[in-house]
Undergrad: 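Quick one: this structure, given as structure tokens, is what I'll be asking you about.
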Amino acid sequence: MTKEHKKSLGIFSLLLLFFLGMFAMYGVGVYNDSEQYITMHIHREPLYPLFLALFRLSAGPEAGLFLAAAAQNVLAACSIFFLIEYLTRKFSLNLAGELVLLALELAPHLVTRYVSALGIFLENSIMSEALCIPLFQFFLLFMLRTVFEKRKTDMIWSLVFAYLLSMTRGQMMTTILIWLVVVFLLFLSERKYRRLLIPVAAVLCVFGLRSLTVYTYNYFVTGYFMGNTYGQVNTLTNVIYACDREDGEVFEEGSLERSFFDIFYKGADDVLASYRYAKDAPEGEAAYLESHHDTLKFEVLESNFSVYYFGLGEVDYYQQSRMSDEMAGIMLRKLLPACFGQWLYDYLLLCRNGFIRSIAVVNRWINWAALAIYLAAAALTIRALIKDKKSGPARVMGLALLFIAANVCATSLTIMCLSRYMIYGFSIFYMAFFLLLVEVMRERQQKRFRMKTLCIVQN
């Protein structure tokens with residue numbers, strides 16, 4: 001066994017020891033959302049419920065969850081190993097450099113367990129993030145290989161993992177669009193203009209396949225050929241939060257939409273879930289919205305939708321979910337323009353928290369540090385591109401920032417940017433930052449070496 005193989009084996013052993021050690025310490029984590037994945041709820045994307053069903057059918061309900069959580073930890077170890085091994089080879093890092101990458105990959109797992117309000121170790125949990133995190137690492141691996149090696153097989157595999165991610169969490173549909181942007185830019189840079197339609201067609205096919213898969217899955221589970229519901233109810237929640245009473249005038253007097261609006265507005269007022277109360281909130285407007293989103297959605301919107309549609313008679317849960325989601329969409333189209341200014345202000349507040357949580361935790365003092373880190377990353381990236389338009393670390397940072405921006409902006413449209421939704425960008429951002437710093441240090445070392453060589457020649 002070569003020295004390189006021994007080093008790789010040691011790194012992989014450390015990863016397995018960490019993840020399986022955390023699994024042994026804390027065990028399987030079952031939380032409020034877990035039951036929806038176990039029961040294949042209509043609100044949830046198909047891949048993770050099917051992942052759990054595979055283990056539960058083969059080993060039984062309890063043992064199946066144990067094996068699924070163990071598999072999640074092993075998958076996380078494998079995905080991180082392959083990614084940091086690739087980056088180590090690509091940027092010729094020594095053992096110390098690879099250990100830094102390893103620490104940066106493990107950091108978000110420790111943050112969500114010991115620092116964030118979530119307080120859980122995600123890979124032990126029965127939540128879709130536990131599968132989504134390793135899938136995202138594999139997506140990054142093949143996406144980076146696409147950027148640097150430009151091989152068709154890597155392009156295909158990165159798109160496959162983007163599809164799998166979108167089937168695990170709806171917010172991760174952004175990875176499909178990121179794939180489109182990256183491949184599109186690659187073809188443009190190589191002046192392969194005739195191929196530009198290929199990534200567009202591929203993405204359209206993947207979105208079509210995703211819809212077909214979700215509809216087919218829901219048909220076999222529920223008996224209805226339909227998509228996941230309540231996405232539009234989520235979005236309507238933040239719109240109702242931003243409304244004033246007069247905004248309801250966009251609906252005709254006596255219409256069903258107007259009746260729902262009046263009920264929702266009064267309900268929001270009763271539970272203090274409105275921007276009007278947030279202005280004086282000591283914790284800040286963004287935190288106030290985040291803390292009241294679920295109350296408004298479940299206790300006001302969802303409960304009143306349910307009461308009305310179940311009251312129609314002979315309506316089951318799936319029909320009620322679909323009708324509620326359709327009504328939310330109808331209301332959104334008319335109501336959002338009426339309160340757009342306040343909604344946009346709230347949206348930007350959510351985005352701000354999302355950008356911070358992508359690389360840190362929200363705190364009055366840490367927020368400024370996060371801004372400084374982003375500015376430093378931008379400065380280092382610009383510096384690297386000025387020196388070399390094909391700078392490898394700059395490309396890694398570009399991919400990291402592209403994903404963070406897409407993830408934050410997409411998530412803020414429907415819900416709030418909790419740490420477990422933002423965790424994906426943390427490691428790749430700091431790894432890119434580290435690679436940029438390594439590039440600066442190497443440039444300085446080369447400069448010193450040239451100066452010493454010049455002095456020797458002159459003497």
Side-chain angles (χ1 to χ4, degrees), residues 82-83 86-87 89-92 135-214 351 355 358 374 377-413 424-425 428-429 431-433 435-436 439 443:
F82 287 120
L83 179 57
Y86 173 75
L87 289 173
R89 291 193 304 271
K90 182 67 184 177
F91 295 100
S92 304
L135 289 177
F136 181 68
Q137 298 295 317
F138 282 118
F139 167 76
L140 281 178
L141 170 63
F142 288 107
M143 201 76 260
L144 288 168
R145 289 170 66 95
T146 297
V147 170
F148 292 118
E149 271 78 3
K150 302 179 178 65
R151 291 198 295 254
K152 291 180 182 178
T153 52
D154 293 322
M155 290 183 189
I156 293 170
W157 276 112
S158 55
L159 185 56
V160 168
F161 276 102
Y163 164 74
L164 293 176
L165 282 165
S166 74
M167 296 295 295
T168 310
R169 284 199 66 81
Q171 76 183 80
M172 300 304 280
M173 283 191 284
T174 53
T175 56
I176 300 173
L177 299 177
I178 287 168
W179 182 91
L180 173 63
V181 171
V182 171
V183 174
F184 202 82
L185 290 175
L186 280 177
F187 286 169
L188 275 179
S189 65
E190 295 174 354
R191 298 182 180 180
K192 296 178 179 178
Y193 303 121
R194 292 182 180 179
R195 296 186 182 182
L196 291 178
L197 288 178
I198 295 175
V200 176
V203 164
L204 291 175
C205 289
V206 168
F207 274 120
L209 176 62
R210 182 189 184 279
S211 295
L212 179 62
T213 307
V214 170
C351 286
F355 278 108
S358 295
Y374 273 121
L380 286 171
T381 303
I382 293 169
R383 177 189 179 278
L385 290 173
I386 290 173
K387 288 181 172 293
D388 179 9
K389 290 182 179 180
K390 296 184 178 180
S391 167
R395 292 186 176 195
V396 179
M397 180 57 79
L399 181 61
L401 292 175
L402 177 62
F403 172 75
I404 288 174
N407 190 37
V408 168
C409 294
T411 304
S412 298
L413 282 173
Y424 307 97
I428 186 62
F429 174 84
M431 288 194 296
F433 200 105
L435 293 173
L436 286 166
E439 188 174 62
E443 287 173 3

Undergrad: Determine whether a donor-acceptor pair (N or O, by modelled atom type, separation under 3.5 Å) exists between the side chain of T175 and the backbone of M172.
TA: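 Flag set: sc T175 to bb M172 pair under 3.5 Å.
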Undergrad: Search all heavy atoms of L177 against all heavy atoms of F207 and return the closest pair with its distance.
TA: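 Between these two residues, the closest heavy atoms are CD2-CE1, 3.8 Å.
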Undergrad: Show your working on side-chain contact (heavy atoms from CB on, under 4.5 Å) between Q137 and Y424 and close with a plain yes or no.
TA: CA-CA 8 Å; Q137 298 295 317; Y424 307 97; over 6 Å; no
Undergrad: Roughly how far, to the nearest 0.5 Å, is the CG atom of L435 from the CG atom of L380?
TA: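 One finds 11.5 Å between CG of L380 and CG of L435.
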Undergrad: Could you report the tightest heavy-atom contact between L144 and E149, atom names first, then the distance?
TA: O-OE1, 4.4 Å
Undergrad: Identify the two heavy atoms, one from A377 and one from L436, that lie closest to each other, and give their separation to 0.1 Å.
TA: O-CD1, 4.3 Å
Undergrad: What distance separates L188 CG from Y193 OH, expressed to the nearest 0.5 Å?
TA: 6.5 Å
Undergrad: About how many Å separate CG of L209 and OG of S166, when rounded to the nearest 0.5 Å?
TA: 8.5 Å
Undergrad: Where do G170 and R210 come nearest, in terms of heavy atoms and distance?
TA: CA-NH2, 4.0 Å
Undergrad: Once you round to the nearest 0.5 Å, how far does OG of S189 lie from NZ of K390?
TA: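 Here the rounded value is 7.5 Å.
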Undergrad: Walk me through it: do F142 and Y86 pass the test ring pair (Phe, Tyr, Trp, His ring centres under 6.0 Å)?
TA: CA-CA 10 Å; F142 288 107; Y86 173 75; 9.4 Å; no
Undergrad: Of the options T153, L399, L159, L186, which is the one that meets T146 in a side chain to side chain contact (heavy atoms under 4.5 Å, CB included)?
TA: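 One option only clears the test, and that one is L186.
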Undergrad: Decide yes or no for K387 and E439: does some side-chain heavy atom of the first lie under 4.5 Å from some side-chain heavy atom of the second?
TA: no
Undergrad: Strictly distance-based, threshold 3.5 Å: is any side-chain N or O of T174 a donor or acceptor partner for the main-chain N or O of N407?
TA: no
Undergrad: Can I get a per-line list of side-chain donor-acceptor pairs under 3.5 Å for residues 195-202, giving both atom names and the distance, sequence neighbours left out?
TA:
none

Undergrad: Nearest 0.5 angstrom please: K150 NZ to K192 NZ, how far?
TA: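 Between K150 NZ and K192 NZ, I get 8.5 Å after rounding to 0.5 Å.
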Undergrad: CG/L164 to CG/L135 distance, rounded to the nearest 0.5 angstrom?
TA: 6.0 Å
Undergrad: Would you say S412's side chain and C409's backbone share a donor-acceptor pair under 3.5 angstrom?
TA: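 Not a single qualifying donor-acceptor pair exists.
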Undergrad: Heavy atoms, side chains only, cut-off 4.5 Å: are Y374 and I404 in contact?
TA: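 Result yes, sub-4.5 Å side-chain heavy-atom pair found.
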Undergrad: Below 4.5 Å, heavy atoms only, C-beta onward: do M431 and F91 meet side chain to side chain?
TA: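 Heavy-atom side-chain distance check fails, nothing below 4.5 Å.
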Undergrad: For the ring-ring contact (aromatic ring centres under 6.0 Å, His included) test, which of W179, F139, F136, F138 pairs with F161?
TA: F138
